[in-house]
Amino acid sequence: DTEVTQTPKHLVMGMTNKKSLKCEQHMGHRAMYWYKQKAKKPPELMFVYSYEKLSINESVPSRFSPECPNSSLLNLHLHALQPEDSALYLCASSQEGGGRADTQYFGPGTRLTVL
Amino acid sequence: GENVEQHPSTLSVQEGDSAVIKCTYSDSASNYFPWYKQELGKRPQLIIDIRSNVGEKKDQRIAVTLNKTAKHFSLHITETQPEDSAVYFCAATDMNYGGSQGNLIFGKGTKLSVKP
């Protein structure tokens, strides 16, 4: 199984809401990533978890809070977002993290709209 | 850190023709170069990748070449088909990011249109 799954597919939220994005992989990968992708732009790295520990935080605002409950799951908690945070949020995973470049497999993404 | 430049930003070819997309990178320590295809509204999907110990890799109609001296790599698609139409992203590993390695820096993408 080479699939990364993400829920929900679409999310509309107000600026005062709290919501969470979920990502799951069952490939035994030890590195998981959150990317943000705006229309017609490449994915931008937000966070990297390596062996369930946060290894990279790309200066992301605190209204985005990642969580890695176990090696298969990755969450992104959202609170007090701004309309400019509307984007496609992609999760990815790779076999190793922190020291080796491995193929990253992307999930289908969550299309987030902030009103 | 790594910087990746990708050209052209748009490319239109006739079905059956070849398409070439080029990328340059700045960090000579980078050692992994994947190419992703992203159709509208879908996830990026890996189509081919190459590591720095190899100069060329081919998979059916798709090939990637790497010139480490010049720090550039290219995607070649032969006998293009309408279903090849998509945005293609190149990427390179960022080997000096805060002590962690193996994270990807993406080029800005190339929108390929294949006309029947």
Side-chain angles (χ1 to χ4, degrees), chain A residues 2-7 9-10 21 23 25 27 29-51 53-60 87-113, chain B residues 1-6 9-10 21 23 25 27 29-54 57 59 64 66 73 86-112:
Chain A
T2 58
E3 189 171 359
V4 177
T5 59
Q6 288 185 244
T7 56
K9 289 185 178 180
H10 302 276
L21 309 184
C23 174
Q25 57 88 13
M27 296 179 277
H29 288 176
R30 303 315 300 264
M32 296 186 77
Y33 311 77
W34 279 116
Y35 287 89
K36 174 183 178 180
Q37 187 177 28
K38 301 283 266 185
K40 300 183 180 180
K41 299 288 186 183
E44 294 176 47
L45 185 65
M46 299 175 72
F47 302 104
V48 181
Y49 273 84
S50 178
Y51 291 87
K53 293 184 179 178
L54 184 64
S55 63
I56 289 182
N57 175 338
E58 265 276 18
S59 302
V60 179
L88 180 67
Y89 287 84
L90 292 161
C91 174
S93 70
S94 65
Q95 190 166 6
E96 296 281 343
R100 173 178 162 78
D102 282 307
T103 300
Q104 291 188 24
Y105 295 92
F106 284 86
T110 293
R111 177 74 60 186
L112 175 67
T113 302
Chain B
E2 179 66 276
N3 182 49
V4 177
E5 299 283 340
Q6 183 172 347
S9 56
T10 60
I21 303 171
C23 289
Y25 61 99
D27 189 345
S30 289
N31 61 7
Y32 176 63
F33 307 92
W35 285 89
Y36 286 87
K37 173 184 180 182
Q38 188 174 27
E39 296 176 72
L40 190 63
K42 303 229 173 137
R43 76 184 82 190
Q45 289 202 301
L46 181 78
I47 55 171
I48 196 166
D49 56 11
I50 192 167
R51 296 191 182 271
S52 57
N53 58 348
V54 176
K57 185 176 178 181
D59 183 4
V64 57
L66 172 64
F73 56 112
V87 177
Y88 291 80
F89 292 102
C90 65
T93 46
D94 185 355
M95 301 300 288
N96 295 299
Y97 189 92
S100 294
Q101 301 174 0
N103 302 303
L104 296 178
I105 302 297
F106 286 84
K108 292 188 184 299
T110 296
K111 184 176 181 181
L112 174 64

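In what follows, every chain begins at residue 1, and chains take the letters A, B, ... in the order their sequences are listed.
- When all heavy atoms are compared, the tightest approach of B:G107 to A:P42 is O-CB, 3.2 Å.
- The side-chain contact (heavy atoms from CB on, under 4.5 Å) test applied to B:I105 returns B:E2, B:V4, B:D94, not counting sequence neighbours.
- For B:A91, the side-chain contact (heavy atoms from CB on, under 4.5 Å) partners are B:P34, B:L104, B:F106, not counting sequence neighbours.
- For a residue to count as touching a neighbouring chain, one of its non-hydrogen atoms must lie under 4.5 Å from one of that chain's; by this rule A:Q37 touches chain B with the side chain only.
- Heavy-atom pairs under 4.5 Å with chain B peak, among A:L88, A:T103, A:V48, at A:T103.
- In this structure, the portion of B:Q38 lying under 4.5 Å from any heavy atom of chain A is its side chain and not its backbone.
- Within 6.0 Å of NZ on B:K42 lie no more than 12 heavy atoms contributed by other residues, nucleotides or ligands.
- Residue A:L45 holds its CG atom at 5.5 Å from CG of B:N103, rounded to the nearest 0.5 Å.
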